[in-house]
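Here's the structure, in structure tokens; my notes come after.
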Amino acid sequence: MLRHLTIWTLIACVTTAQAAGPIISSSNTRITQADGPRSIVDVNVGAGESISAINVSTSGHHFYTRLMGNDEIWNKFWFEESGNLLDHGGPDTVSPGTYSFLWDDDFGFGADFTIDFIFALASFEAGQLLGSTSQAQFQNQSYQFQSLSSQVRNMAGTYTSGGGSMGLASLPPPSRTADGEYAPISLVSYEEPAVDQVSYQTGAARQINNRSLPLTRGGWGGWMQGYGVGGSADGHAGVSGFDYGGGGTQLGLFRHVDAHTMVGFYGAYGYQNVNTDAGSEANVNSGMVGAFLHRHDHEGNYYTLAGNANYDDYDTSRTGGITGNFDGVQTGTYLERGWNRTLGGVTVQPNVALQYVWVHQDDHVESGGASIDDVDAHSLRSMIGSNFYGSRHVHGPLGWGWTPNARASWMHEFLDPSTSVTGTQSGSSFATNGLDMGRDWALLGVGMQGNRNGALSLYTNYDLQVNDRNRFHTGTGGIIWTR
């Protein structure tokens, strides 16, 4: 009771008092325990500005905050929690004017706290758009690597040992001569359907999954696919959310160097659109080239290493007819380790992967807007999950056999989940962040693959990337051919 009386007495006493000076503005937006356990300060929101959030985080047991002015009031007691003060009182945003802000630790004994005032300026809108677009680029790179990984597994084939309903291919070794050496082997050809590939093994026989093994060694094969992506990200911490759309084509060539090694090259063209809730928009046209190396053993346990480089062309637009055009580049590397196991009638392929991506946007000056500095964003993500392949085939017309597959994994971001952007407008410097899209996602997918005579494959997939803030849907269809 005494504690509450103390708080309300303090509020009553200082309502008409003037603070020492306006310390909160668009150029000074944070209060911490270093500013004292309790005080009152002025908050100046200039013309053309607004405050979209006041984010409070405290470890104290009884922390009080209050913003007051322009006939509005926002206030809340915080108990070892965090949140947005503007969710407790007046409107969702603070309009231009001068306000009084009070905080009181209320016997918190020096507990840590942070109060961030999120100002929205026209220049901030430019920075937030570019920061959010760079994060969307990370999502696109993740899709490209995941898609490539799936392609490589299909082209390399899946090998297993042990039981199951896989097709068995086994030949005894050649006979030996009197001195213990193998007798010479003669190559024989037939006019009837030819044997594409033969291997001699001692011990356990190799089992070949008829689903996708290209019986080619030394020749080049290829693939081509089209994809479309759609989704949205929710606004967070005063930064606008956005709708996302895109599509493109990926194509490549591959070659089996030997029975356990495959190399290849690939390229892609993609288009992306980021349309924010604040009315800003970015359109990105990208060209990509890359290469990969894949190694697997006779049981299908494998490594895949891939890398790529991208050129990006950006066109941006904001409210008021403000536009921008500039270039950018990306690079990425990807390493995956997988194993093959057979459980009943299903081939289970657990895998782990690590992905690094760097996105760069050139500095530029908007037409009628802000001057934006170079933007460099980095992403390091891990993935752990599994692929699942059915052993039952649905036989269709013209010799096609169709096999279902599914996949599930968890992806985690180790680096900053938002991108910082700096620049100047009207002679004043600014710094802001793009949308924080979170650190963890679930990746889920299903698909069907059709094979005909071991030389031609068709496939279609649906994939979902989702967490509590965003969701992206991807549809893919393509063709793989071998010689």
Side-chain angles (χ1 to χ4, degrees), residues 139-159 209 211-214 221-229 247-254 256 262-268 270 288 290-296 300-308 332-340 346-355 381-390 402-411 441-451 456-465 472-482:
Q139 311 310 315
N140 180 62
Q141 274 275 25
S142 293
Y143 162 74
Q144 295 289 347
F145 278 131
Q146 291 292 309
S147 177
L148 175 68
S149 173
S150 177
Q151 293 286 27
V152 171
R153 289 193 303 269
N154 288 337
M155 296 179 301
T158 302
Y159 298 78
N209 182 342
R211 176 179 61 82
S212 58
L213 178 60
W223 80 91
M224 180 172 62
Q225 73 171 23
Y227 65 92
V229 186
T249 301
Q250 185 189 86
L251 52 89
L253 297 171
F254 65 94
H256 291 265
M262 184 174 65
V263 297
F265 306 92
Y266 67 101
M288 172 190 295
F292 67 87
L293 170 67
H294 178 88
R295 286 278 298 171
H296 61 263
N301 306 318
Y302 68 90
Y303 290 94
T304 299
L305 175 65
N308 63 41
T333 56
Y334 180 86
L335 177 64
E336 181 177 320
R337 172 70 165 124
W339 300 263
N340 240 37
V346 177
T347 298
V348 180
Q349 198 174 61
N351 54 77
V352 294
L354 191 65
Q355 166 192 301
R381 296 181 177 182
S382 64
M383 284 143 280
I384 180 170
S386 184
N387 305 303
F388 306 90
Y389 301 99
W402 295 89
T403 306
N405 60 78
R407 52 208 160 270
S409 60
W410 167 63
M411 181 167 67
W441 294 266
L443 307 179
L444 306 170
V446 294
M448 290 287 291
Q449 178 158 333
N451 296 273
L456 189 65
S457 298
L458 298 176
Y459 60 90
T460 181
N461 295 303
Y462 165 77
D463 290 279
L464 171 66
Q465 177 179 325
F472 299 97
H473 308 267
T474 304
T476 306
I479 182 172
I480 303 173
W481 63 91
T482 59

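Quick note: numbers below take in every heavy atom, side chains included, and nothing from hydrogens, waters or symmetry partners.
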Please identify each residue that fulfils side chain to side chain contact (heavy atoms under 4.5 Å, CB included) with [X], with sequence neighbours left out.
X	answer
Ile479	Met224, Leu456, Leu458, Trp481
Thr304	Val152, His294, Tyr302, Glu336
Ser386	Val348, Pro350, Phe388

Which atom names give the shortest non-hydrogen contact between [X] and [Y], and what distance separates them?
X	Y	value
Thr476	Tyr227	OG1-CB, 4.0 Å
Gln355	Gln141	OE1-O, 4.3 Å
Asn405	Met448	ND2-N, 3.9 Å
Ala408	Leu444	CB-CD2, 3.8 Å
Leu253	Phe292	O-CE2, 4.3 Å
Ser142	Met411	OG-SD, 4.0 Å

Any side-chain heavy-atom pair from [X] and [Y] closer than 4.5 angstrom?
X	Y	answer
Asn387	Arg153	yes
Gln465	Tyr143	no
Asn461	Arg407	yes

Could you go through Phe254 and Thr482, starting from their C-alpha distance and side-chain angles, then the distance that decides it, and tell me whether this counts as side-chain contact (heavy atoms from CB on, under 4.5 Å)? CA-CA 9 Å; Phe254 65 94; Thr482 59; 3.7 Å; yes
Would you compute the distance between atom [atom1] of [X] and atom [atom2] of [Y] and round it to the nearest 0.5 angstrom?
X	Y	atom1	atom2	value
Arg337	Ile384	CZ	CD1	13.5 Å
Trp339	Asn301	CH2	CG	8.0 Å
Leu148	Met155	CG	CE	7.0 Å
Gln349	Asn340	CD	CG	5.0 Å
Tyr459	Ile480	OH	CD1	5.5 Å
Asn140	Phe472	CG	CZ	10.5 Å

Determine, stepwise, if the pair Gln250 / Gln151 fulfils side chain to side chain donor-acceptor pair (under 3.5 Å). CA-CA 11 Å; Gln250 185 189 86; Gln151 293 286 27; 4.7 Å; no
Quick one: salt bridge (charged side-chain N to carboxylate O under 4.0 Å, His left out) partners of Arg295, sequence neighbours excluded?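 Salt bridge (charged side-chain N to carboxylate O under 4.0 Å, His left out) list for Arg295, sorted by chain: Asp258.
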Step-by-step side-chain contact (heavy atoms from CB on, under 4.5 Å) determination, Leu443 to Met383: CA-CA 9 Å; Leu443 307 179; Met383 284 143 280; 4.3 Å; yes
A quick test of your reading: do over 12 heavy atoms of other residues, nucleotides or ligands sit less than 6.0 Å from CZ of Phe265?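 It does not: Phe265 CZ has 12 such atoms or fewer within range.
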Within a radius of less than 6.0 Å around CG of Leu354, do more than 12 heavy atoms belonging to other residues, nucleotides or ligands occur?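 Counting neighbours around CG of Leu354, more than 12 heavy atoms of other residues, nucleotides or ligands fall under 6.0 Å, so yes.
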For Tyr334, give me all partners under ring pair (Phe, Tyr, Trp, His ring centres under 6.0 Å), at least two apart in sequence or on another chain.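 In terms of ring pair (Phe, Tyr, Trp, His ring centres under 6.0 Å), with neighbours along the sequence ignored, Tyr334 is linked to Phe145.
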Test of understanding: with side chain to side chain donor-acceptor pair (under 3.5 Å), list the residues that count as partners of Tyr266, not counting sequence neighbours.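 Per chain and number, Tyr266 pairs via side chain to side chain donor-acceptor pair (under 3.5 Å) with Asn308.
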